[in-house]
> 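Here's a structure for you.
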Amino acid sequence: MSTEAMSARVGVLIAGLNGASANTMLAGSMGTNDVGARRLGSIIHGAGLGDHGLFADETSFVFGGWDVDGRTAADAATTHGILPVVDESTLERLGEIRPFPAYVGSLDTAEALQGGHTLSLGSAADAVAAVVENIQAFQSANAVDRCVVLYYASPLRRWQQATADLDETRLDELLHELRDVPSGLVYALAAIRANCAFGDLTPNITLEVPAILSAAERYGMPLAGRDLSTGETLLKLILGDMLRRRNLKLQGWYSANILGNADGRILSRPEHRSTKLEDKLSSLPKVLGYSDFDHVVDITYYPPRGDAKESWESVDFLGWLGLPMSMKINWQGRDSVLAAPLALDVVKHLDFALRHGERGLLGYVGAYFKRPLGCDQVPFHEALTNLRKYYLPYYLETPRDE
Ligand SMILES: NC(=O)c1ccc[n+]([C@@H]2O[C@H](COP(=O)([O-])OP(=O)(O)OC[C@H]3O[C@@H](n4cnc5c(N)ncnc54)[C@H](O)[C@@H]3O)[C@@H](O)[C@H]2O)c1
């Protein structure tokens with residue numbers, strides 16, 4: 001492993017620190033010494049990029065962040081109960097991680113708006129300043145070399161403000177005028193101003209706002225997003241590509257999802273799921289090259305399943321002479337466990353980009369996202385090729401560490 005990557009302490013600050021996904025990532029990565037188990041589910045390892053000394057080791061990650069749930073990460077892990085075992089010493093270390101108070105605006109969920117552990121401030125500009133201070137305090141308390149900030153909180157409602165012309169000057173004016181801008185914008189702007197890379201793992205508009213893109217360019221900060229692709233979209237990218245190459249005409253794809261965790265509860269509300277549905281619906285037409293088919297995606301909150309999400313896919317298509325056929329797929333996943341290795345990978349890519357002076361949207365990490373920004377949506381194998389191509393010159397330079 002390169003000395004630079006190996007010797008670093010990387011700060012990972014997460015908005016939504018005590019949520020199921022973020023908390024599982026912390027508990028799993030802090031509590032497992034089994035290197036083989038750690039690699040499962042990681043695209044970095046799947047793409048053969050893991051053994052070239054390119055990336056910081058996740059054991060060097062120092063976690064912190066923000067949440068409206070002010071309990072320690074140990075209490076959150078016990079409540080979520082997603083990992084079958086979290087040993088005493090990991091619980092002790094998780095017990096030392098407590099979130100900063102969260103910034104909550106009116107587009108956040110009702111639960112967040114009622115949560116007690118929040119910043120109370122005059123304007124959104126104060127919130128950006130407070131989040132910058134949190135980051136700086138975290139950096140000096142933990143002596144970290146670099147920091148990555150992730151937005152991993154609940155999906156927001158749609159912002160009614162037109163954003164296409166929202167440049168930095170206008171955003172600054174709005175931040176002073178309003179108490180209420182989407183929380184994603186506050187965390188993203190604060191991250192960039194505090195010289196941190198920023199990733200949006202959720203279905204929010206943050207990384208499409210021109211002010212955020214130009215701030216990242218100006219400060220020289222890398223960005224990645226949006227909305228982690230953990231299961232259904234991956235299937236669509238792969239099977240959609242297969243149908244296209246085999247010249248089978250898709251007639252319709254029906255996806256039914258059941259999900260019993262807090263995210264499932266929030267996504268069962270139309271106002272919080274509209275951008276998620278948009279992301280879930282956007283991939284197939286791009287991979288197939290046509291959109292004249294029925295595409296229905298249902299997300300149903302079904303509490304008994306907790307984090308053990310399930311989807312049924314009915315794929316109806318026409319074969320030779322126009323004769324109909326269909327494929328049925330039942331995917332039984334674990335929401336937070338599917339996401340954790342991908343979120344850790346995203347941190348590693350963003351940290352690599354910080355070290356190598358990359359700025360703005362990292363299009364080469366498109367394989368990680370339902371709606372990849374900074375690149376076209378392409379079949380999964382092409383997205384992996386793009387990822388490998390980006391790293392090729394670097395791993396040709398570095399000796400293998402095995
Ligand atoms: N797990 C996956 O497979 C997956 C895949 C793609 C996207 N996502 C997205 O990741 C996000 C997190 O998912 P989850 O299952 O962990 O949800 P969750 O509901 O368990 O966690 C969300 C956390 O965010 C906190 N929060 C809410 N508003 C906040 C704010 N303004 N500031 C700081 N914290 C805030 C909540 O208190 C909660 O702890 C969701 O937006 C989800 O759609 C998850």
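In this chain, numbering begins with 1 at the start of the sequence shown. Counting convention: from 1, in listed order, for ligands and their atoms alike.
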> When you look for heavy atoms under 4.0 Å from ligand 1, do you find them on the side chain of Pro155, its backbone, both, or neither?
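Under 4.0 Å from ligand 1, Pro155 contributes backbone and side-chain atoms.
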
> For ligand 1, which atoms, with element, lie under 4.0 Å from some heavy atom of Ser183?
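It comes down to these atoms of ligand 1: 31 (N).
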
> For ligand 1, which atoms sit closer than 4.0 Å to a heavy atom of Asp108?
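Selected atoms, number and element: 28 (N), 29 (C), 30 (C), 31 (N).
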
> Going by the side-chain contact (heavy atoms from CB on, under 4.5 Å) test, name the single residue among Ile14, Leu185, Thr206, Thr202 that passes it with Tyr151.
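Running side-chain contact (heavy atoms from CB on, under 4.5 Å) over Ile14, Leu185, Thr206, Thr202 with Tyr151 returns exactly one hit, Thr202.
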
> Just to be sure I read this right, does ligand 1 sit under 4.0 Å from the backbone of Ala112, its side chain, both, or neither, counting only heavy atoms?
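Under 4.0 Å from ligand 1, Ala112 contributes side-chain atoms alone.
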
> Is it true that Lys370 lies under 4.0 Å from ligand 1, counting heavy atoms only?
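A heavy atom of Lys370 does come that close to ligand 1.
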
> Relative to ligand 1, is Leu201 under 4.0 angstrom through side chain, backbone, both or neither, heavy atoms considered?
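Backbone only; the side chain of Leu201 stays clear of ligand 1.
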
> Give me the residue, atom name and distance of the protein heavy atom closest to atom 23 (C) of ligand 1.
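Ranking protein heavy atoms by distance from atom 23 (C) of ligand 1, first comes Gly19 CA, 3.7 Å.
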
> Does the side chain of Asp298 come under 3.5 Å of the side chain of Asn257 through a donor N or O and an acceptor N or O?
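Short answer, no.
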
> Which is it for Tyr103 and ligand 1 at heavy atoms under 4.0 Å: side chain, backbone, both or neither?
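Just the backbone.
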
> Is the distance between the ring centroids of His117 and Phe100 less than 6.0 Å?
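Between Phe100 and His117, which both carry aromatic rings, the centre distance is not below 6.0 Å.
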
> How does Ala153 reach ligand 1, if at all, at less than 4.0 Å between non-hydrogen atoms: by side chain, backbone, both, or neither?
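Both of them.
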
> Considering only NZ, NE, NH1 and NH2 on the basic side and carboxylate oxygens on the acidic side, decide whether Glu58 and Lys348 come within less than 4.0 Å.
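Yes, charged N to carboxylate O under 4.0 Å.
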
> Number the atoms of ligand 1 from 1 as they appear, then name those within less than 4.0 Å of a heavy atom of Ala339, with their elements.
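Those of ligand 1 that fall under 4.0 Å from Ala339 are 1 (N), 2 (C), 3 (O).
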
> What atoms of ligand 1 come closer than 4.0 angstrom to any heavy atom of Thr202?
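So the answer, numbered in order with elements, is 10 (O), 11 (C), 41 (O).
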
> Could you tell me, atom by atom, which parts of ligand 1 come under 4.0 Å of a heavy atom of Asp227?
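In order of numbering, the contacting atoms are 6 (C), 7 (C).
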
> What residue and atom, counting heavy atoms only, is the protein's closest point to atom 20 (O) of ligand 1, and at what distance?
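Scanning the protein heavy atoms, the shortest distance from atom 20 (O) of ligand 1 goes to Ala20 N, 2.9 Å.
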
